[in-house]
Amino acid sequence: MGGQKFAVLLCAEDSDYVKKLYGGYYGVFVRMLKEEGESWDVFRVARGDFPADDQIGDYDGFVITGSCNDAHGNDLWICKLLALLNKLDAMKKKIMARALGGKIGRARGGWDIGITQVQLYPSKIFTSLDIPSSLSIIECHRDEVWSLPPEAEVLAWSERTGVEMYRSGDHIMGIQGHPEYTKDILLHLIDRLSSRQLIEESLAEEGKSRLEKSEPDRDVWWKLCTSFLKGRL
């Protein structure tokens, strides 16, 4: 479906490593999702860079990235982002995000870092895709969704997290993990978190060990995310 226009709402600062190898996190997402003939823009919302009201109608869909900030925080840019998402929701724009609506807080089980196996619930969203009932995905989070709005549907769960994936209507999909990440991105992130003493050394080693034992199903996640964002499901 060439000619469509999308935007990444970047909620994190690029590390030097990701900038050098991938052109920043924007480059990581575009590498996963962009198809021939499409136009992709980036708005660095964590720095206060938002699309103007008269711009948002030009886009077919938006991707909201993960962040080092708390998803349940009250930073000015987070509050402004939530207001924007409410507008996009009302306009039925395609939105792919890591958190949107419901109740969000610290994960009761603590950090989830590494590769996690998630179980998919039967849903019509998977009907047209040949997707197995279980997928592995790279995770790096300590927040989680505690509850969803009544209209939302839980699409996947894991032993660590009850809401690994969900959708609301036909235009919003949220994923707890990082389908866009490669192993090297996560390894670099683990080292950064450890060097800044944001995670304990034992947790860093556990995360690296989990990475060594399995592979994420990146191709399947890419197909799923692309199909949803482009309105093929």
pair Phe6-Asp60: side-chain heavy atoms closer than 4.5 Å
yes
Would the distance check show the side chain of Thr161 and the main-chain N or O of Glu164 forming a donor-acceptor pair, the cut-off being under 3.5 Å?
no
Under 4.5 Å between any side-chain heavy atoms of Tyr121 and Phe126, yes or no?
no
Any non-hydrogen side-chain atom of Leu120 less than 4.5 Å from a side-chain atom of Ser134?
no
Step by step, would you call Glu180 with Lys34 a salt bridge (Lys or Arg N to Asp or Glu O under 4.0 Å)?
CA-CA 12 Å; Glu180 78 280 9; Lys34 186 176 181 180; over 6 Å; no
When every non-hydrogen atom of Met173 is compared with those of Cys225, the smallest separation belongs to CE-CA, 4.3 Å
Just wondering, do Leu81 and Phe50 contact through their side chains at under 4.5 Å, heavy atoms?
yes
Does Tyr59 have its ring centroid less than 6.0 Å away from the ring centroid of Phe62?
yes
Which value, rounded to the nearest 0.5 Å, describes the distance between Leu193 atom CG and Leu203 atom CG?
9.0 Å
Check: Pro179 main-chain N/O paired with Trp222 side-chain donor or acceptor under 3.5 Å
yes
Counting neighbours of CD on Glu151 that are heavy atoms of other residues, nucleotides or ligands and sit closer than 6.0 Å, is the number greater than 12?
yes
Using a distance-only test with no angle check, is there a side-chain donor-acceptor pair under 3.5 angstrom linking Gln119 and Ser158?
no
Can you tell me how far CD of Glu205 sits from CD1 of Ile199, rounded to the nearest 0.5 angstrom?
9.5 Å
Nearest 0.5 Å, what's the NZ-CG distance between Lys19 and Asp16?
5.0 Å
Which distance, rounded to the nearest 0.5 Å, do you find between the CD1 of Ile175 and the CZ of Phe228?
9.0 Å
Looking only at the side chains, is there a donor atom on one of Thr116 and Asp112 sitting less than 3.5 Å from an acceptor on the other?
yes
Shortest non-hydrogen contact from Cys11 toward Gly66:
CB-O, 3.6 Å
Go through it in stages, so that I can follow the logic: the residues are Asp41 and Tyr26, the test is side-chain hydrogen bond (donor to acceptor under 3.5 Å, both in side chains), and I'd like the CA-CA distance, side-chain angles, deciding distance and then a yes or no.
CA-CA 9 Å; Asp41 295 327; Tyr26 167 70; 5.5 Å; no
Test side chain to side chain contact (heavy atoms under 4.5 Å, CB included) on Met165 and Val118; report intermediate values, then the result.
CA-CA 9 Å; Met165 182 180 178; Val118 304; over 6 Å; no
Between Ser136 and Asp217, is there a donor-acceptor pair closer than 3.5 Å when you use the side chain of the first and the backbone of the second?
yes
Main-chain N/O of Gly24 paired to Asp14 side chain as donor or acceptor, under 3.5 Å
no
Under the criterion side chain to side chain contact (heavy atoms under 4.5 Å, CB included), which of Ile190, Leu189, Ile185 is the partner of Cys140?
Leu189
Any donor-acceptor pair under 3.5 Å linking the side chain of Lys94 with the backbone of Val63?
no
Under a plain distance cut-off of 3.5 Å, with no hydrogens placed, do Ser123 and Glu153 share a side-chain donor-acceptor pair?
yes
If I take atom CG from residue Leu84 and atom CZ from residue Phe43, how far apart are they, to the nearest 0.5 angstrom?
9.5 Å
Glu215 and Lys183: salt bridge (Lys or Arg N to Asp or Glu O under 4.0 Å), yes or no, with the steps?
CA-CA 8 Å; Glu215 293 290 333; Lys183 279 188 169 184; 2.8 Å; yes
May I ask you to decide if Ile115's main-chain N or O and Arg210's side chain share a donor-acceptor pair within less than 3.5 Å?
yes
To the nearest 0.5 Å, atom CD of Gln176 lies from atom CD1 of Ile137 at 9.0 Å
Donor-acceptor side-chain pairing of Thr182 and Tyr22 below 3.5 angstrom:
yes
Over all atoms of both residues, closest heavy-atom pair of Tyr17 and Asp184:
OH-OD2, 2.6 Å
Heavy-atom closest pair, residues Ala152 and Tyr166:
CB-CD1, 4.4 Å
Where Ala12 and Ser67 come nearest, the two heavy atoms and their spacing:
CB-CA, 4.2 Å
Treating Arg218 as the side-chain partner and Ile138 as the backbone partner, does any N or O pair qualify as donor plus acceptor under 3.5 Å?
no
Any carboxylate oxygen within less than 4.0 angstrom of a Lys/Arg side-chain nitrogen, looking at Lys208 and Asp191?
yes
Please report the C-alpha distance between Trp221 and Tyr181 in whole Å, then the side-chain angles of each, then the deciding distance to 0.1 Å, and finally whether the side chain to side chain contact (heavy atoms under 4.5 Å, CB included) criterion is met.
CA-CA 11 Å; Trp221 284 107; Tyr181 272 14; over 6 Å; no
Would Ile172 and Met96 count as a side chain to side chain contact (heavy atoms under 4.5 Å, CB included) here? Give the steps.
CA-CA 6 Å; Ile172 296 174; Met96 193 168 69; over 6 Å; no
State, with a plain yes or no, whether a side-chain heavy atom of Thr65 is found less than 4.5 Å away from one of Leu9.
no
N-O pairing of Glu13 and Arg192 below 4.0 Å:
no
Glu38 vs Lys5, salt bridge (Lys or Arg N to Asp or Glu O under 4.0 Å): CA-CA, chis, key distance, verdict:
CA-CA 6 Å; Glu38 294 175 352; Lys5 188 175 182 179; over 6 Å; no
Quick check: do Lys223 and Ser227 have side-chain heavy atoms less than 4.5 Å from each other?
yes
Is the closest side-chain heavy-atom distance between Gln4 and Trp40 below 4.5 Å?
no
If you count the non-hydrogen atoms of other residues, nucleotides and ligands that lie under 6.0 Å from CD in Gln117, is the total more than 12?
yes
Return yes if some donor-acceptor pair links the side-chain N/O of Lys93 with the main-chain N/O of Gly57 below 3.5 Å, else return no.
yes
Verdict with supporting geometry, Ser15 and Val18, side chain to side chain contact (heavy atoms under 4.5 Å, CB included):
CA-CA 5 Å; Ser15 69; Val18 174; 3.3 Å; yes
Hey, is the main chain of Ala52 close enough, under 3.5 Å, to the side chain of Gln55 for a donor-acceptor pair?
yes
For the CD atom on Glu159, are there more than 12 heavy atoms of other groups (residues, nucleotides or ligands in this structure) within a distance under 6.0 Å?
no
Contact between Ile131 and Leu135 at the side-chain level, heavy atoms closer than 4.5 Å - yes or no?
yes
When every non-hydrogen atom of Val154 is compared with those of Gly162, the smallest separation belongs to CG1-O, 3.8 Å
